[in-house]
Amino acid sequence: MMADQYVRIFDTTLRDGEQSPGASMTSAEKLEVARGLARLGVDVIEAGFPAASPDDLEAVRRIAVEVGAAGADGTPPPVICGLARATRGDIDKAWEAVQAAARPRIHTFLATSDIHMQHKLRMTREEVLRAVAEQVAYARRYCADVEFSPEDAGRSDPSFLYQVLRVAIEAGATTLNIPDTVGYTTPEEFGGLIAGILAHTPGARDCVISVHCHDDLGMATANTLAGIQAGARQAEVTINGIGERAGNTSLEEVVMALHTRRPFFNLETRIDTTQIGRMSKLVSNYTGIVVQPNKAIVGANAFAHEAGIHQDGMLKNQMTYEIMRPETVGMTQSRLVLGKHSGRHALKVRLSELGYDLNDAELGQAFARFKELADKKKTITDADLEALLADEIYRPREVYALDDLQVACGTVGMPTATVRLRGPDGGLHVRAAVGTGPVDAAYKAIDGIVRAPNMLLEFSVHAVTEGIDALGEVTVRIQGSNGHHKLDAQRETQTPRTFGGHGADTDIIVASVKAYLAAINKLLVAGGLEGEPPERAAVLEAVAPGD
Ligand code: KIV
Ligand code: ZN
């Protein structure tokens, strides 16, 4: 592959993606996502914003140590990158977090649009130029690989932008990232901006030019591709396009556009496209951000054919209505794989084909759940296995675990739930509550045991496969009421943290309770509240609706 035909994939799911409201992940989940990104073949993992909080710093450090280390087989690990505002304090923290990686990178940024400089930074152009020179040079004292971003480049005066970038190059920046921070530009403009930078900035051709687009007008992917066509050779993207407001450019869209239209673009990445579906699911489960069914590449309907005329065409030749195969992106429709009589080895082999390498203890847990499910459901598909793993193996640390649940509901009487949880004290705690429906009642009963005041922001349920015996998957998002906040890199404000939870079961009320408990457990761990005793009166006691 010729060097100038290679497009680096810089994934910022763990930074810009995680920064978006509602996408908080625990350190363990971030590590699992980073491992998945490495398997997917991304070139750079932006692992976080270490100055945001000590937890964020520690999460980036763990990723640097565990995912950024050189592999025994000599394959280079991904670059591990930490974001820093253009200040010494942030740069120190970013370096502290990434230095253990075999290939560390510091990414520093400062806004260059008039509106940001005047109203947010309250800095003049001269002051911005001086800060860029100083801070990029400061980052270079630590690290040979420094990326600089002029924030809001899409709305910056191009001639000033060229000046800023020249100063960054002279101070030692090796990658120049051009963000359309507010998703304002059109593809023609953005492509023109990249071409202008390459033509008018001395030294730009010796750096990697990167593009980073937001999707406020739905043009992030088109802008990114236009930037690449104009000469950018790094694309900053997130899984499922999660990110600030309307999100960032989605990894799967850019990668599959380059892959599917290869004769048109004549460019390559080193992404293993078959891992895309799995990563999409993992990120959705961990963040609690559900993928819209009609989302390109990874939506549930992306490969569904409903209309009779389409189905007829598909039967005659798949290429009539499919420009890519679902298996190319790991979105195979619920392949029938295993049943009640399948053994542990068959499960291990299928999981490893799907990209999950479990240790013996994890395989034991997964096998137990698999057998339980096989007793209730005749055939177990890949989708079932993935839902079960998300639930069983990758669930957050359990401060409270579900021990038993009973509900009574229907057209007569009041929906009532009795919940028994095993608490951090090792004891069993029981509570009953009445609600507007069985899920509401069960959640109220949990709230009656666990001291974790929160607001339920989102609740969604869907069937993993077709059929009446399908596994139901529930995703919830909650926001703690006791102010778990983290620093927002760009707004310099503290934003409230939200927590996602995922649960799967053939009984959707059980799945709902598992999802809620997963989110609550994350909230407790993040707030350092795992040692808090349960509510005093956690005995059989009704809580009326509205309490
Ligand atoms: O959108 C943006 O400008 C950013 C920068 C920090 C690169 O995320
Ligand atoms: Zn961004």
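Counting starts at 1 for both ligands and their atoms, following the listed order. Computed over heavy atoms, backbone and side chain alike; hydrogens, waters and symmetry mates excluded.
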For the Zn ion (ligand 2), the nearest N/O/S atom on Asp16 is atom OD2
Nearest heavy atom to atom 8 (O) of ligand 1: which of Arg15, Glu151, His116 does it belong to?
-> Arg15
Any idea which atoms of ligand 1 are less than 4.0 Å away from a heavy-atom of His214?
-> 1 (O)
Show which atoms of ligand 1 fall inside a sub-4.0 Å distance from at least one heavy-atom site of Asn177.
-> 7 (C)
Heavy-atom distances under 4.0 Å are what count here, so tell me which part of His212 touches ligand 1: side chain, backbone, both or neither.
-> side chain
Using a 4.0 Å heavy-atom cut-off, say whether Thr181 meets ligand 1 through its side chain, its backbone, both or neither.
-> both
Taking everything shown except Tyr162 itself, do over 12 heavy atoms lie less than 6.0 Å from its OH?
-> yes
Near Glu188 CD, under 6.0 Å, is it more than 12 heavy atoms from other residues, nucleotides or ligands?
-> no
Atom CD1 of Ile115 with >12 non-hydrogen neighbours under 6.0 angstrom | no
Heteroatom distance test (Asp16, ligand 1): nitrogen or oxygen, under 3.5 angstrom = yes
Heavy-atom nearest neighbour in the protein, as seen from atom 4 (C) of ligand 1, with distance rounded to 0.1 Å = Gln490 NE2, 3.3 Å
Determine the minimum heavy-atom distance between Cys81 and Val44, stating which atoms define it.
-> CB-CG1, 3.9 Å
Indicate the ring-plane relationship of Tyr142 and Tyr138, choosing parallel, tilted or perpendicular according to the 30° and 60° boundaries.
-> perpendicular
Got a second to check how far Arg105's CZ is from Thr174's OG1, nearest 0.5 Å?
-> 6.0 Å
Decide whether Asn177 and Gln234 meet the rule of one side-chain donor and one side-chain acceptor closer than 3.5 Å.
-> no
Looking only at distance, does Asp152 have an N or O less than 3.5 Å from an N or O of ligand 1?
-> no
For the side chain of Thr269 and the backbone of Ile271, is there at least one donor-acceptor N/O pair under 3.5 Å apart?
-> yes
Atoms of ligand 1 less than 4.0 Å from Ser149 heavy atoms?
-> 7 (C)
Proximal atoms of ligand 1 relative to Pro179 (non-hydrogen, under 4.0 Å) = 2 (C), 3 (O)
